[in-house]
Amino acid sequence: MNKNYINYSVDIEKHSKLFWLISDSWVLAKRSIRHITRNLDQLFSVALFPIMFFLLFRYVFGGAIDTGSISYVNFLVAGIFVQMLAFGANYTTMNLAIDLQRGIVNRFKSLPIARSAWLIGHVGADLVRNMITGSIVIGVSFLVGFEPVATPLDWILIFILGALFSLAISWISAVMGLLVKSIEAAQWTGFIVIFPLTFVSSAFVPTDTMPFALRVFADNQPLTHVIEAIRSWLVGAPVGDSGYLAFAWCIGIIAVSVPLATWLFKRQTLR
Amino acid sequence: MNTKIDDKKNSTLENNSTSNDVLNEITISVKELRKSFKDVTVLDGITFDVKKGTVLALLGPNGAGKTTTVHILSTLLLPDSGDIRINNHEVVKDVEKVRSLIGLTGQYAALDEYLTGKENLQMIGRLYRLSHKAIKKRTTELLELFDLVSASNRAVKTYSGGMKRRLDLAVSLIASPPVLFLDEPTTGLDPHSRLIMWDIVRQLVSQGTTVLLTTQDMDEADSLADKIIVLNGGKIIAEGTSEELKQLVGSERLEITVAGDDNFTRAINLINEENLSIDKQARKLSFVINGGVRQLKQVLDRLDEDNIIVENISFHNPTLDDVFLILTGHMTQQLNTESEIS
Ligand SMILES: Nc1ncnc2c1ncn2[C@@H]1O[C@H](COP(=O)(O)OP(=O)(O)OP(=O)(O)O)[C@@H](O)[C@H]1O
Ligand SMILES: [Mg+2]
């Protein structure tokens, strides 16, 4: 017990603000990425959820759904792909709510770090998680008979739009995570917001059999545009308006939700 | 680009031990701090200072506003009004600077349960902007110090309550901050860990760290604090060293237990000392003893002459517990009933 406990000779590094914003965000993202492999719950939904959904729609419902000129497998891949990215984003809502409920956010707040690093860390980890999920979806699709005709350029576009969409929906989820008052509520918001958005879209069925009101919603909501764009690239159909509408929606959502989430967090910080 | 700050800091420390001016330097200064949540006033004008290299203990019953005070001082909460400075930096305005000076151990563990103990230390170390080399060194030192080496590669969720508490403290020390806030730091620790913790706090303080701690443990305040503040109802109701506070509630008392109920009433009349307090059920009489052995002998002689058997005699020094209970009003009732009987 006679050792020197404190050691004033710690090296503090000096760098620019931008360097620390990136560094702090990376440190916090690394933390959340570690959670993916250590929390069985997350691992389960990242890996097994897409497989289950795929098999369910491909073999249980698939036979009864008429997708016209393209086979159901080829139709389905884009839908499952986007749906899984949207489901994955719910982890941002959950993880923010968990951090806020537990004491750990107080520690982060008392550190000399950039305010938004904590949010960027969570969203960044979401992106990594979604890349794994997305790869699993595509991988599984080949096993169940998917025959894409996408060119390498199409694949690059799919990757970029997928990442952008993941970021957009994660930032919305971040806003929700900052608004909810409990962890249970965080779970529910995912269910209430993300579920209808993914099902009332062209993810699993063509929208033309839906009742009018639903169809108008389904045809014009961002998920449908993202799904349509990705589907067109995968099966080699003309993309039409969906392509730029999908990008516009994603960028628009990010432009609104990033400052909103940051503002909400700042407001919470000092209250 | 690494900047070594050890030379500079060491020289400040040396100055510290030689010059009185520096010793009296005020590190934490709080003036007229007010805070309410909705219409509930939690802090109603609190003013105090903490000198560099000293320990201030905040005492107070549950809900007195201790945690609220710590949160405001550690930039987690905005005050409604008041002037709060740490090393002369305004806590409200100069937030970033203040954050680089402080370490905080909250009332509840602030750890990542899925990371290992070591990863928790490394993560916070990097967020304090320590170099990777410094992080490695500090992590090893702190794990050893808090007896967590063998558990360092296990997820924190497998730790016991006391282990989490120790890791939490270790994490707040990783950057050797000059100002440390500890909200009930030893709650839930076993006596051994508690002593180690006290030892660490003393060492930190002897090397110039300024500590503000809250506690429910009067021994802790007694043995660690240079100054104690008792909070109640949003106000400071007493302030001073533990000796000063004890004098507030009175001096040494002699406590006599008499055998037999009928003897008891006679004993009351025989003793006839000022300030006599009476506990009929336990047949206990106590009074201030300031006349030394002579007073003691006189009282015992009077009882003996009347053949009253004394079962037990004891001296009772006021403790911080007494101070706390009396000052925060939790003992008023008891005191009142005692004086009613007499
Ligand atoms: N965010 C909040 N909203 C409303 N009231 C609050 C909030 N935070 C604290 N309070 C109230 O402020 C008062 C002081 O709380 P505080 O946590 O500072 O007490 P404490 O002295 O730390 O108590 P304890 O010994 O139980 O830890 C309590 O009455 C509490 O209910
Ligand atoms: Mg408290």
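Letters A, B, ... are given to chains in the order of the sequence lines, protein chains preceding strands, and every chain is numbered from 1.
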Checklist entry - In Å and rounded to the nearest 0.5 Å, what is the CZ to CD distance from A:Arg31 to B:Gln122? => result 15.0 Å
Checklist entry - To the nearest 0.5 Å, what is the distance between OG1 (B:Thr105) and CZ (A:Arg107)? => result 5.5 Å
Checklist entry - If you count heavy-atom pairs under 4.5 Å between each of B:Ala109, B:Gly106, B:Ala155, B:Ser172 and chain A, which one has the most? => result B:Ser172
Next on the checklist: Take a 6.0 Å sphere around CZ of A:Phe199 and say whether it holds more than 12 heavy atoms from other residues, nucleotides or ligands.
Outcome noted: yes
Checklist entry - Among all residues two or more places apart in sequence or in another chain, which pass the side chain to side chain contact (heavy atoms under 4.5 Å, CB included) test with A:Trp20? => result A:Glu13, A:His15, A:Ser23, A:Asp24, B:Arg126, B:Arg129
Checklist outcome for this item: When rounded to the nearest 0.5 Å, the distance separating CG of A:Asn106 from OG of B:Ser74 is 7.5 Å
Item to check | Between B:Asn120, B:Ile124, B:Val98, the one whose heavy-atom pairs under 4.5 Å with chain A are most numerous | outcome: B:Ile124
Next on the checklist: For a 4.5 angstrom cut-off between non-hydrogen side-chain atoms, does A:Leu111 reach B:Leu104?
Outcome noted: no
Checklist entry - For atom NZ of B:Lys164, is the number of surrounding heavy atoms from other residues, nucleotides or ligands below 6.0 Å larger than 12? => result yes
Next on the checklist: Can you confirm whether more than 12 heavy atoms, excluding those of B:Trp198, are under 6.0 Å from its CH2 atom?
Outcome noted: yes
Item to check | Nearest heavy-atom neighbours spanning B:Thr75 and A:Lys109 | outcome: OG1-O, 4.0 Å
Next on the checklist: Looking at A:Phe159, I'd like to know if its CZ atom is crowded, meaning that more than 12 non-hydrogen atoms belonging to other residues, nucleotides or ligands lie closer than 6.0 Å.
Outcome noted: no
Item to check | Other residues, nucleotides, ligands: >12 heavy atoms within 6.0 Å of A:Trp155 CH2 | outcome: yes
Checklist entry - For B:Lys157, is it the side chain, the backbone, both, or neither that has a heavy atom closer than 4.5 Å to a heavy atom of chain A? => result side chain
Item to check | Nearest-0.5 Å distance that lies between atom CD1 in A:Ile98 and atom CD in B:Glu113 | outcome: 11.0 Å
Item to check | Pair B:Asp112 + A:Arg34, salt bridge at N-O below 4.0 Å | outcome: no
Checklist outcome for this item: Among B:Tyr114, B:Tyr128, B:Phe181, the residue with the most heavy-atom pairs under 4.5 Å to chain A is B:Tyr114
Item to check | Ion pair check, A:Arg38 and B:Glu119, cut-off under 4.0 Å | outcome: yes
